[in-house]
Amino acid sequence: MRFTDLLVITATISGAVAAPTEAKKRASAFQFTGVSESGAEFGNTAIPGQLGKDYIWPDHNAINTLIQKGFNTFRIPFMMERLIPTRLTGSINETYAAGLDDTVKYITSQGAYAVIDPHNFGRYYGNIITDVAGFGAWWTTVAKRYATNEKVIFDTNNEFHDEENDLVAKLNQAAIDAIRGVGATSQYIFAEGNAWSGAWHWVSSGTSEGMGKLTDPQDKIIYEMHQYLDSDGSGTSTACVSTTVGRERLVEATAWLKANNKKGIIGETAGGSNAQCIQALQGMLSYMKENSDVWTGWLWWGAGPWWGSGASGYIFGMEPPSGTAYTGVLPSLTQFI
Ligand SMILES: *[C@@H]1O[C@H](CO)[C@@H](O)[C@H](O)[C@H]1NC(C)=O
(Lines give C-alpha, C1' and ligand atoms only; values in the text may rest on other atoms or scores of the structure.)
Protein backbone atom coordinates (compact mmCIF):
# COMPACT_ATOMS: atom_id res chain seq x y z
CA MET A 1 0.00 0.00 0.00
CA ARG A 2 1.42 3.30 -0.97
CA PHE A 3 1.45 6.28 1.34
CA THR A 4 -0.99 8.14 -0.90
CA ASP A 5 -3.45 5.23 -0.67
CA LEU A 6 -3.27 5.43 3.09
CA LEU A 7 -4.08 9.11 2.93
CA VAL A 8 -7.11 8.44 0.79
CA ILE A 9 -8.38 5.83 3.19
CA THR A 10 -7.82 8.07 6.20
CA ALA A 11 -9.68 10.86 4.51
CA THR A 12 -12.54 8.52 3.65
CA ILE A 13 -12.81 7.15 7.15
CA SER A 14 -12.76 10.49 8.86
CA GLY A 15 -15.01 12.01 6.23
CA ALA A 16 -12.46 14.76 5.95
CA VAL A 17 -12.56 17.02 2.96
CA ALA A 18 -9.31 17.57 1.11
CA ALA A 19 -7.29 20.40 2.56
CA PRO A 20 -8.21 23.66 0.91
CA THR A 21 -5.87 24.14 -1.96
CA GLU A 22 -6.04 26.52 -4.86
CA ALA A 23 -8.47 25.08 -7.37
CA LYS A 24 -5.70 25.04 -9.93
CA LYS A 25 -6.95 24.34 -13.35
CA ARG A 26 -5.13 22.06 -15.68
CA ALA A 27 -3.91 23.70 -18.84
CA SER A 28 -7.24 24.72 -20.30
CA ALA A 29 -8.40 26.88 -23.14
CA PHE A 30 -10.84 28.46 -20.73
CA GLN A 31 -10.48 30.80 -17.76
CA PHE A 32 -13.82 29.76 -16.26
CA THR A 33 -15.48 26.36 -16.31
CA GLY A 34 -18.12 25.31 -13.86
CA VAL A 35 -21.67 24.82 -12.84
CA SER A 36 -24.63 26.74 -11.48
CA GLU A 37 -25.27 25.60 -7.92
CA SER A 38 -29.01 25.77 -7.79
CA GLY A 39 -31.20 25.71 -4.69
CA ALA A 40 -31.52 29.09 -3.00
CA GLU A 41 -33.73 30.39 -5.82
CA PHE A 42 -36.15 27.45 -5.51
CA GLY A 43 -39.71 28.00 -4.35
CA ASN A 44 -39.82 31.47 -5.82
CA THR A 45 -43.50 31.91 -5.07
CA ALA A 46 -42.73 31.51 -1.38
CA ILE A 47 -41.21 34.75 -0.14
CA PRO A 48 -39.32 34.83 2.11
CA GLY A 49 -39.82 31.06 2.21
CA GLN A 50 -38.39 28.56 4.59
CA LEU A 51 -34.92 27.05 4.44
CA GLY A 52 -35.12 23.30 3.88
CA LYS A 53 -38.72 23.47 2.74
CA ASP A 54 -38.91 26.06 -0.03
CA TYR A 55 -35.23 26.46 -0.80
CA ILE A 56 -31.83 25.03 0.04
CA TRP A 57 -28.22 26.18 -0.12
CA PRO A 58 -25.68 24.21 -2.18
CA ASP A 59 -23.84 21.27 -0.70
CA HIS A 60 -20.16 21.80 0.15
CA ASN A 61 -19.15 18.22 -0.58
CA ALA A 62 -20.79 18.28 -4.00
CA ILE A 63 -18.94 21.48 -4.83
CA ASN A 64 -15.71 19.94 -3.66
CA THR A 65 -16.27 16.89 -5.88
CA LEU A 66 -16.83 19.14 -8.88
CA ILE A 67 -13.65 21.06 -8.04
CA GLN A 68 -11.81 17.73 -8.09
CA LYS A 69 -13.20 17.27 -11.61
CA GLY A 70 -11.41 20.46 -12.59
CA PHE A 71 -14.21 23.01 -12.40
CA ASN A 72 -13.24 26.39 -10.96
CA THR A 73 -16.39 28.51 -11.19
CA PHE A 74 -19.65 28.12 -9.29
CA ARG A 75 -22.64 30.33 -9.96
CA ILE A 76 -24.97 30.75 -7.03
CA PRO A 77 -28.55 31.58 -8.00
CA PHE A 78 -30.63 33.17 -5.25
CA MET A 79 -33.60 35.52 -4.97
CA MET A 80 -33.22 39.28 -4.75
CA GLU A 81 -36.34 39.56 -2.57
CA ARG A 82 -35.02 37.09 -0.03
CA LEU A 83 -31.68 38.89 0.27
CA ILE A 84 -33.14 42.40 0.39
CA PRO A 85 -36.85 42.20 1.19
CA THR A 86 -39.61 44.76 0.64
CA ARG A 87 -37.76 47.37 -1.42
CA LEU A 88 -34.67 47.59 -3.60
CA THR A 89 -33.25 50.26 -1.33
CA GLY A 90 -33.89 48.17 1.79
CA SER A 91 -31.44 46.29 3.93
CA ILE A 92 -30.08 42.79 3.97
CA ASN A 93 -31.91 39.91 5.59
CA GLU A 94 -29.02 38.52 7.63
CA THR A 95 -30.61 35.09 8.02
CA TYR A 96 -30.77 34.44 4.28
CA ALA A 97 -27.48 36.24 3.66
CA ALA A 98 -25.73 33.88 6.06
CA GLY A 99 -26.41 31.04 3.61
CA LEU A 100 -25.03 33.00 0.69
CA ASP A 101 -21.98 34.08 2.73
CA ASP A 102 -21.30 30.50 3.73
CA THR A 103 -21.51 29.26 0.14
CA VAL A 104 -19.32 32.04 -1.21
CA LYS A 105 -16.79 31.52 1.55
CA TYR A 106 -16.60 27.78 0.96
CA ILE A 107 -16.13 28.14 -2.81
CA THR A 108 -13.61 30.94 -2.70
CA SER A 109 -11.60 29.40 0.14
CA GLN A 110 -11.01 26.49 -2.27
CA GLY A 111 -9.56 28.98 -4.73
CA ALA A 112 -12.56 28.80 -7.05
CA TYR A 113 -14.73 31.65 -8.29
CA ALA A 114 -18.16 32.29 -6.74
CA VAL A 115 -20.62 34.01 -9.05
CA ILE A 116 -23.26 36.06 -7.20
CA ASP A 117 -26.37 35.46 -9.31
CA PRO A 118 -29.58 37.33 -8.45
CA HIS A 119 -31.80 34.92 -10.32
CA ASN A 120 -34.62 37.35 -11.00
CA PHE A 121 -35.12 37.70 -14.76
CA GLY A 122 -35.02 41.48 -14.33
CA ARG A 123 -38.06 41.33 -12.01
CA TYR A 124 -38.55 42.19 -8.33
CA TYR A 125 -41.68 40.80 -6.67
CA GLY A 126 -42.77 39.80 -10.16
CA ASN A 127 -42.61 43.28 -11.69
CA ILE A 128 -40.10 44.39 -14.29
CA ILE A 129 -37.49 46.49 -12.53
CA THR A 130 -37.79 50.00 -13.97
CA ASP A 131 -36.25 51.83 -11.02
CA VAL A 132 -32.70 52.03 -12.32
CA ALA A 133 -31.41 53.93 -9.29
CA GLY A 134 -33.11 51.43 -6.99
CA PHE A 135 -31.44 48.57 -8.80
CA GLY A 136 -28.13 50.36 -8.35
CA ALA A 137 -28.90 50.74 -4.65
CA TRP A 138 -29.60 47.01 -4.36
CA TRP A 139 -26.23 46.29 -5.92
CA THR A 140 -24.45 48.85 -3.73
CA THR A 141 -25.70 47.01 -0.65
CA VAL A 142 -24.81 43.57 -1.97
CA ALA A 143 -21.46 44.40 -3.56
CA LYS A 144 -20.29 46.07 -0.34
CA ARG A 145 -20.59 42.72 1.38
CA TYR A 146 -18.22 41.01 -1.06
CA ALA A 147 -16.04 43.93 -2.10
CA THR A 148 -12.83 42.51 -0.64
CA ASN A 149 -13.17 38.97 -1.99
CA GLU A 150 -11.30 38.86 -5.27
CA LYS A 151 -12.70 35.45 -6.17
CA VAL A 152 -16.24 36.77 -6.27
CA ILE A 153 -17.81 37.54 -9.65
CA PHE A 154 -20.90 39.72 -9.88
CA ASP A 155 -23.65 38.62 -12.30
CA THR A 156 -25.92 41.61 -12.91
CA ASN A 157 -29.14 39.56 -13.15
CA ASN A 158 -30.32 36.29 -14.57
CA GLU A 159 -32.01 36.41 -17.98
CA PHE A 160 -33.72 39.72 -18.56
CA HIS A 161 -36.55 39.17 -21.01
CA ASP A 162 -39.58 40.84 -22.59
CA GLU A 163 -38.60 44.36 -21.70
CA GLU A 164 -36.95 47.31 -23.41
CA ASN A 165 -33.39 46.69 -24.56
CA ASP A 166 -32.51 50.19 -23.46
CA LEU A 167 -33.76 49.49 -19.92
CA VAL A 168 -31.68 46.32 -19.72
CA ALA A 169 -28.56 48.22 -20.72
CA LYS A 170 -29.30 50.96 -18.15
CA LEU A 171 -29.82 48.39 -15.38
CA ASN A 172 -26.54 46.72 -16.27
CA GLN A 173 -24.71 50.05 -16.20
CA ALA A 174 -26.26 50.90 -12.83
CA ALA A 175 -25.04 47.56 -11.46
CA ILE A 176 -21.53 48.10 -12.79
CA ASP A 177 -21.37 51.63 -11.38
CA ALA A 178 -22.68 50.47 -8.01
CA ILE A 179 -20.21 47.59 -7.77
CA ARG A 180 -17.22 49.76 -8.66
CA GLY A 181 -18.57 52.53 -6.45
CA VAL A 182 -18.19 50.49 -3.27
CA GLY A 183 -14.58 49.66 -4.03
CA ALA A 184 -15.12 46.24 -5.60
CA THR A 185 -12.62 47.06 -8.28
CA SER A 186 -10.76 43.80 -8.85
CA GLN A 187 -13.67 41.51 -9.63
CA TYR A 188 -15.12 40.44 -12.95
CA ILE A 189 -18.68 41.45 -13.75
CA PHE A 190 -20.85 39.13 -15.83
CA ALA A 191 -23.37 41.27 -17.74
CA GLU A 192 -26.53 39.61 -19.01
CA GLY A 193 -28.72 40.90 -21.82
CA ASN A 194 -32.36 40.82 -22.84
CA ALA A 195 -34.11 37.89 -24.62
CA TRP A 196 -33.04 35.51 -21.85
CA SER A 197 -29.48 36.55 -22.64
CA GLY A 198 -29.52 34.00 -25.45
CA ALA A 199 -26.34 33.81 -27.51
CA TRP A 200 -28.29 32.86 -30.62
CA HIS A 201 -30.35 36.07 -30.42
CA TRP A 202 -27.67 38.35 -29.01
CA VAL A 203 -27.60 40.57 -32.08
CA SER A 204 -30.97 39.81 -33.69
CA SER A 205 -32.85 40.66 -30.47
CA GLY A 206 -31.24 44.08 -30.48
CA THR A 207 -29.85 43.69 -26.97
CA SER A 208 -26.26 43.84 -28.20
CA GLU A 209 -26.54 47.48 -29.15
CA GLY A 210 -26.96 48.92 -25.66
CA MET A 211 -24.96 46.16 -24.02
CA GLY A 212 -22.01 46.93 -26.29
CA LYS A 213 -21.89 50.47 -24.92
CA LEU A 214 -21.52 49.51 -21.26
CA THR A 215 -18.49 51.05 -19.62
CA ASP A 216 -16.37 49.78 -16.76
CA PRO A 217 -13.42 51.73 -15.40
CA GLN A 218 -11.77 48.37 -14.60
CA ASP A 219 -12.49 46.92 -18.04
CA LYS A 220 -13.56 43.59 -16.56
CA ILE A 221 -16.98 43.09 -18.11
CA ILE A 222 -17.65 39.63 -19.46
CA TYR A 223 -20.84 39.18 -21.45
CA GLU A 224 -22.76 36.28 -20.01
CA MET A 225 -24.92 34.57 -22.58
CA HIS A 226 -26.97 31.42 -22.22
CA GLN A 227 -27.41 28.72 -24.81
CA TYR A 228 -29.47 25.57 -24.76
CA LEU A 229 -29.62 23.16 -27.65
CA ASP A 230 -33.27 22.07 -27.77
CA SER A 231 -35.60 23.31 -30.50
CA ASP A 232 -36.83 26.46 -28.75
CA GLY A 233 -33.58 27.00 -26.86
CA SER A 234 -35.36 26.94 -23.51
CA GLY A 235 -33.45 24.06 -21.98
CA THR A 236 -36.55 22.04 -21.21
CA SER A 237 -36.11 19.07 -23.55
CA THR A 238 -33.59 16.24 -23.57
CA ALA A 239 -33.54 16.39 -27.38
CA CYS A 240 -30.98 18.48 -29.24
CA VAL A 241 -31.87 19.85 -32.68
CA SER A 242 -28.84 18.31 -34.42
CA THR A 243 -25.24 17.33 -33.73
CA THR A 244 -24.07 20.73 -34.98
CA VAL A 245 -26.63 23.01 -33.33
CA GLY A 246 -24.34 24.10 -30.50
CA ARG A 247 -21.68 25.48 -32.79
CA GLU A 248 -24.27 27.05 -35.11
CA ARG A 249 -26.06 28.87 -32.31
CA LEU A 250 -22.85 30.60 -31.21
CA VAL A 251 -21.84 32.00 -34.60
CA GLU A 252 -23.78 35.27 -34.24
CA ALA A 253 -22.48 36.07 -30.78
CA THR A 254 -18.92 35.06 -31.60
CA ALA A 255 -18.83 37.44 -34.55
CA TRP A 256 -20.19 40.23 -32.34
CA LEU A 257 -17.66 39.62 -29.57
CA LYS A 258 -14.81 39.72 -32.10
CA ALA A 259 -16.04 42.75 -33.99
CA ASN A 260 -16.50 44.67 -30.76
CA ASN A 261 -13.40 43.45 -28.97
CA LYS A 262 -15.41 41.97 -26.08
CA LYS A 263 -15.22 38.83 -23.95
CA GLY A 264 -18.03 36.38 -23.39
CA ILE A 265 -18.96 33.37 -21.33
CA ILE A 266 -21.70 30.81 -21.84
CA GLY A 267 -23.17 31.12 -18.35
CA GLU A 268 -25.78 28.42 -18.84
CA THR A 269 -25.79 25.47 -21.16
CA ALA A 270 -27.01 21.90 -21.11
CA GLY A 271 -28.19 19.05 -23.26
CA GLY A 272 -29.76 15.68 -22.59
CA SER A 273 -27.83 12.58 -21.73
CA ASN A 274 -27.87 11.10 -25.22
CA ALA A 275 -25.47 10.70 -28.16
CA GLN A 276 -26.87 13.54 -30.29
CA CYS A 277 -26.73 16.09 -27.47
CA ILE A 278 -23.28 15.01 -26.39
CA GLN A 279 -22.00 15.53 -29.92
CA ALA A 280 -23.76 18.90 -30.12
CA LEU A 281 -22.22 19.97 -26.80
CA GLN A 282 -18.76 18.79 -27.84
CA GLY A 283 -19.16 20.68 -31.11
CA MET A 284 -20.13 23.85 -29.29
CA LEU A 285 -17.28 23.61 -26.80
CA SER A 286 -14.76 22.84 -29.58
CA TYR A 287 -15.95 25.93 -31.41
CA MET A 288 -15.54 27.99 -28.24
CA LYS A 289 -12.06 26.57 -27.82
CA GLU A 290 -11.20 27.59 -31.38
CA ASN A 291 -12.46 31.05 -30.46
CA SER A 292 -11.04 31.27 -26.97
CA ASP A 293 -9.76 34.76 -27.76
CA VAL A 294 -13.34 35.88 -27.05
CA TRP A 295 -14.92 32.97 -25.15
CA THR A 296 -13.64 32.80 -21.57
CA GLY A 297 -15.52 29.65 -20.60
CA TRP A 298 -18.78 27.87 -19.90
CA LEU A 299 -21.01 26.91 -16.99
CA TRP A 300 -23.35 23.95 -16.92
CA TRP A 301 -26.94 24.25 -15.70
CA GLY A 302 -27.17 22.86 -13.14
CA ALA A 303 -26.08 21.17 -9.97
CA GLY A 304 -27.78 21.44 -6.59
CA PRO A 305 -29.09 19.21 -3.81
CA TRP A 306 -32.72 19.08 -4.93
CA TRP A 307 -32.46 17.99 -8.56
CA GLY A 308 -32.72 14.31 -7.74
CA SER A 309 -31.18 11.52 -9.74
CA GLY A 310 -31.98 8.61 -12.03
CA ALA A 311 -35.13 8.46 -14.13
CA SER A 312 -37.10 10.75 -11.81
CA GLY A 313 -34.27 13.27 -11.55
CA TYR A 314 -33.78 16.54 -13.41
CA ILE A 315 -32.81 15.99 -17.06
CA PHE A 316 -29.63 18.12 -16.75
CA GLY A 317 -28.72 17.34 -13.13
CA MET A 318 -24.99 17.74 -12.52
CA GLU A 319 -25.07 16.99 -8.80
CA PRO A 320 -22.59 14.28 -7.79
CA PRO A 321 -22.67 11.38 -7.41
CA SER A 322 -25.77 10.37 -9.38
CA GLY A 323 -27.21 13.38 -11.23
CA THR A 324 -28.30 12.51 -14.79
CA ALA A 325 -25.73 14.74 -16.48
CA TYR A 326 -23.04 14.04 -13.90
CA THR A 327 -23.09 10.35 -14.79
CA GLY A 328 -24.24 10.55 -18.42
CA VAL A 329 -22.72 13.71 -19.94
CA LEU A 330 -19.80 14.98 -17.89
CA PRO A 331 -17.48 12.04 -18.75
CA SER A 332 -17.73 13.12 -22.41
CA LEU A 333 -16.87 16.75 -21.69
CA THR A 334 -13.73 16.44 -19.56
CA GLN A 335 -11.45 17.66 -22.35
CA PHE A 336 -13.23 21.04 -22.23
CA ILE A 337 -12.89 21.66 -18.50
C1 LIG B 1 -35.44 36.70 6.63
O2 LIG B 1 -35.15 35.39 6.19
C3 LIG B 1 -35.64 34.36 7.01
C4 LIG B 1 -35.15 33.06 6.41
O5 LIG B 1 -35.65 32.88 5.12
C6 LIG B 1 -37.15 34.45 7.11
O7 LIG B 1 -37.62 33.45 7.99
C8 LIG B 1 -37.55 35.83 7.59
O9 LIG B 1 -38.95 35.94 7.59
C10 LIG B 1 -36.95 36.88 6.68
N11 LIG B 1 -37.30 38.23 7.12
C12 LIG B 1 -37.86 39.09 6.30
C13 LIG B 1 -38.13 40.45 6.86
O14 LIG B 1 -38.14 38.84 5.14
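Read the numbers this way: they start at 1 and go in the same order the structure lists the ligands and their atoms.
The only option from Tyr96, Trp306, Phe42, Phe74 that meets the ring pair (Phe, Tyr, Trp, His ring centres under 6.0 Å) definition with Trp57 turns out to be Tyr96.
Taking the six-membered ring for Trp and the full ring otherwise, the centers of Trp300 and Phe71 sit at least 6.0 Å from each other.
For the pair Glu268 and Arg75, the salt-bridge criterion is met [side-chain N within less than 4.0 Å of a carboxylate O].
There is a path of hydrophobic side-chain contacts, each under 4.5 Å, that joins Met318 to Tyr106.
Counting heavy atoms from C-beta on, the side chains of Phe135 and Lys170 never come closer than 4.5 Å.
Counting only N and O atoms by type, the side chains of Thr236 and Ser234 include a donor and acceptor under 3.5 Å apart.
For ligand 1, the 4.0 Å heavy-atom shell takes in Pro48, Gly49, Tyr55, Pro85, Asn93, Thr95, ordered by chain and residue number.
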